Amino acid sequence: MNRLLDVDGIAVSPDHYIDGRRVPSDQTFPLSSPIDQAVLGAVSEGRAEHVDAAVGAAARAFPAWAALGAEGRKPVLDRFAEEIGRRADAFCRLESRDAGVLLSRMRHGVVPRAMLNIRWFAEQALTLQDRVIHTEQAEHRVRHDPAGVAAIITPWNAPLMLSTWKLGPALASGNACVLKPPEWAPLTCSLLADAADAAGLPPGVLNIVQGAGASTGAALVSDKRLARISFTGSVPTARAIAQAAGANLVPASLELGGKSAFIVLEDADLDNAAATAALMYRNAGQVCLAGTRLLVHARIAEAFVAALRGYVERLVIGDPRDEATELGPIIHARQVERVEGFVARARQAGAEVLWGGGRHPFGAQYFQPTLLANVAQASEIVQNEVFGPVLTLQTFADDDEAIALANGTDYGLGGVCYGETAHAAALAERVRTGFLWINSFGIRDLAAPFGGIKRSGIGREGGDWSFEFFSDVKDIVIPKKPFRASFSHR
Ligand code: NAD
C-alpha cells in the first residue's frame, strides 16, 4: 500500500518513483509551506541506492522506448498531457502550497503550459526523422537518434513548468529520464509521476528521485550511465555539475541565473515601461529572467520612478491561494535571510532605499518590493543575483553608457528595452545576452531558443535546440556512384 500525504485535501505521494513503482526511503526530509510555515509532511530522501535503481531502470526501459519512434511515443505523451490536465486543480493548489506560486498563475499560466510542454514536443518530434542532404557524391540520411538516459535537475521557483519543459523534449526524442526535483518544492513533480503512470508511460521511462542537491543530485550527475544532463539552477551548482559531467564526458545543458538589464530610453512610453517594470517583482522576484537592474535615461528617471511607485503601491501582497494576490512569499526562511543580507550590505555600501527594504508584515517569509538607488556598478547588489523582490536603479546619459552598464556584469540571460521601437531594437543588438524583449516582457514560444551567455548558462532550450541536445545526430552516407576502395581515393 503506497503511503500518501494529505496536503489541503490533496493526496500526494512522498516517495520516489522508480521503475513504475513508488519507493520509500527510511531517510526523509521535512517539507513546510512558505505561506505560513505549516508542516506539509516528510518526503523520502534519495540515497545512492535509489539513484542507482532509477538510472538502472531508465537504462533498461530506454531501448524499447527509443524503438517506438516518435509516432509510437506521441499517443503515450498525449495521454500524459491529458492526465496532467485531469489533475489541474491538484497541481495548482499543491505548487501554490509548497512553492508559494500564485494560484491564479498556476491555473492560467503554469498548468496549461506544462501540458503544452509535453504535447508540443511530442508533435514536433514527428518532423525530426531522416533529414536528407543530397550532394554530388552521396545521399546523407541525417537522423536524430535518442541519446539514452537523461538526468533532469530543476529548481524550486518553477518546479512543474521547468520539469515538463525538459521532460517534454527528452521523452519525445526517445530518452528515458531520471528527474531530481527541487527539495524545497517537490510535490508537483511527485504528482507528475501519478500522471505518467495513469497515461501508461512504460515503467522506467520516467523515474523521480527526491532529495538534497549535494547528496542525491550529486550522486545522479556522477552516474556513468547518463547520456545527458539537463540542469536549471544556480551558478555554483552548475560548476559542480559541470565538473561531474566533465569527468564522464556527458553533455550538459546549463540554464542559470540572471541579472538582466531593464533599459528605459528617453523616447520610451514611460507609463507602459513602469507598468512592466512592476512585473519584475512577480513570484516575489524569484524569476531568473526578470530585468532586475533598472537602467533609466537620466532626464526621465524621476518621472519613471514616480510612475513605477504608483504601480508598486497598488500591488496586492498576500496569500498566493487568494485569486486577488499579486505578490506571495519567498520560498524558504534561508532565502529570506539571503535577500535581507543583500539589502543590508547594499545599504552599508551607500545604497538609498527608495521603497521597501525589509520584511513584509503579512508573514515570516514575505519581503517588501524594494528599489535601491545610488548603487555602484561594481557593487555586490548590481553584480549578483538576489532572487528576491529587489530591484536596483541606475541612470545613464546616452546609449553608449546604457550599453556599458547593461553589459557590465558576468550574467547574460535576458533583458528588456523600452523606447521608440527602431531605437530600442538597434540598442538591443549591442546588449550581450541570450534574449531581449522590446517594449514587452515574457513573450515566449516553445519553438524559440531560450538560454543565456556568460555565467547565465551553456546551451539553448526550446524547439530544435532542445531536440539537438537530447538527440545523437547520425549521418548515414549512401554513395550515388558505385564505390570501389582505392588508396589514392580521397
Ligand atoms: P540550485 O542550484 O541551488 O538548485 C537547483 C537544483 O539543483 C535543485 O534540484 C538542487 O537540489 C540541485 N542541486 C544542488 N546541488 C547539486 C549538485 N551538487 N549536484 C546535482 N544537483 C544539485 O538553484 P535553486 O536555488 O533551486 O534555484 C534558483 C536558481 O535557479 C537561480 O540562480 C535562478 O536564476 C536559477 N534559474 C534559472 C532559470 C533559467 O532558465 N535560466 C530558470 C529558473 C531558475
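Note that the coordinates shown come from a computational prediction; the quantities given were computed from them, not determined experimentally. Just so you know, ligand 1 is whichever comes first in the structure, and atom 1 is the first atom listed for that ligand.
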Original post:
Starting from atom 34 (O) of ligand 1, which protein heavy atom do you reach first, and at what distance in Å?
Top reply: E385 OE2, 2.6 Å
Original post:
Where is the nearest protein heavy atom to atom 9 (O) of ligand 1: which residue, which atom, and how far?
Top reply: T154 O, 2.8 Å
Original post:
Below 4.0 Å from any atom of ligand 1, is there a heavy atom belonging to F231?
Top reply: yes
Original post:
For the residue pair H16 and H50, does the interplanar ring angle fall in the parallel (under 30°), tilted (30 to 60°) or perpendicular (over 60°) class?
Top reply: tilted
Subject >> Proximity to ligand 1 by part of Q286, non-hydrogen separation under 4.0 Å >> reply: neither
Subject >> Passing option when E255 is tested against T154, I458, T232 for side-chain contact (heavy atoms from CB on, under 4.5 Å) >> reply: T232
Subject >> atom 25 (O) of ligand 1: the protein heavy-atom neighbour that sits closest, reported with distance to 0.1 Å >> reply: W156 NE1, 2.9 Å
Subject >> Side-chain heavy-atom pair D322, L103 within 4.5 angstrom cut-off >> reply: no
Original post:
Got Q365 and R359 here, is their nearest side-chain heavy-atom distance under 4.5 Å?
Top reply: no
**OP:** Would you indicate whether the side-chain heavy atoms of D19 and R60 approach each other to under 4.5 Å?
**Re:** yes
Subject >> A176 versus A58, closest heavy-atom pair with distance >> reply: CB-O, 3.3 Å
Subject >> Best match, L220, T216, T237: closest heavy atom to atom 16 (C) of ligand 1 >> reply: T237
**OP:** Say whether A218 and ligand 1 are in contact under the criterion: heavy-atom distance to a ligand atom below 4.0 Å.
**Re:** yes
Original post:
What protein heavy atom sits nearest atom 12 (C) of ligand 1, and how far away is it?
Top reply: I153 CG2, 3.6 Å
Subject >> Closest approach of any protein heavy atom to atom 27 (O) of ligand 1, naming residue and atom >> reply: P155 CB, 3.2 Å
Original post:
Which one of D36, D6, D319 satisfies the salt bridge (Lys or Arg N to Asp or Glu O under 4.0 Å) criterion with R97?
Top reply: D36
Original post:
Is E468 paired with R460 through a side-chain N to carboxylate O contact shorter than 4.0 Å?
Top reply: no
Original post:
Among G233, G434, A214, which residue places a heavy atom closest to atom 30 (O) of ligand 1?
Top reply: G233
Original post:
ligand 1 versus L413, non-hydrogen atoms closer than 4.0 Å: side chain, backbone, both, neither?
Top reply: side chain
Original post:
Identify the closest protein heavy atom to atom 18 (N) of ligand 1: which residue and atom is it, and at what distance?
Top reply: G213 O, 3.8 Å
Original post:
For ligand 1, which part of P236 has a heavy atom less than 4.0 Å away: the side chain, the backbone, both, or neither?
Top reply: neither
**OP:** Find all atoms of ligand 1 within a distance of less than 4.0 Å from any non-hydrogen atom belonging to I241, and give their numbers and elements.
**Re:** 19 (N), 20 (C), 21 (N)
**OP:** Can you label the angle between the W156 ring and the W184 ring as parallel, tilted or perpendicular, going by 30° and 60°?
**Re:** tilted
Subject >> Polar contact flag, side-chain donor to acceptor under 3.5 angstrom, S190-R22 >> reply: yes
Subject >> Salt-bridge contact D472-R228 (side-chain N to carboxylate O under 4.0 Å) >> reply: yes
Subject >> Atom CZ of R345: over 12 foreign heavy atoms under 6.0 Å >> reply: yes
Subject >> Residue part near ligand 1, for L162, under 4.0 Å between non-hydrogen atoms >> reply: side chain
**OP:** Around atom 23 (O) of ligand 1, find the nearest protein heavy atom and jot down its residue, atom name and distance.
**Re:** S234 N, 3.5 Å
Original post:
Does A238 come within less than 4.0 Å of ligand 1, judged by its heavy atoms?
Top reply: no
Original post:
Which heavy atom of the protein is the closest neighbour of atom 28 (C) of ligand 1, given with residue, atom name and distance?
Top reply: F387 CE2, 3.6 Å
Original post:
Is P182 in contact with ligand 1, taking contact as a heavy-atom separation below 4.0 Å?
Top reply: yes
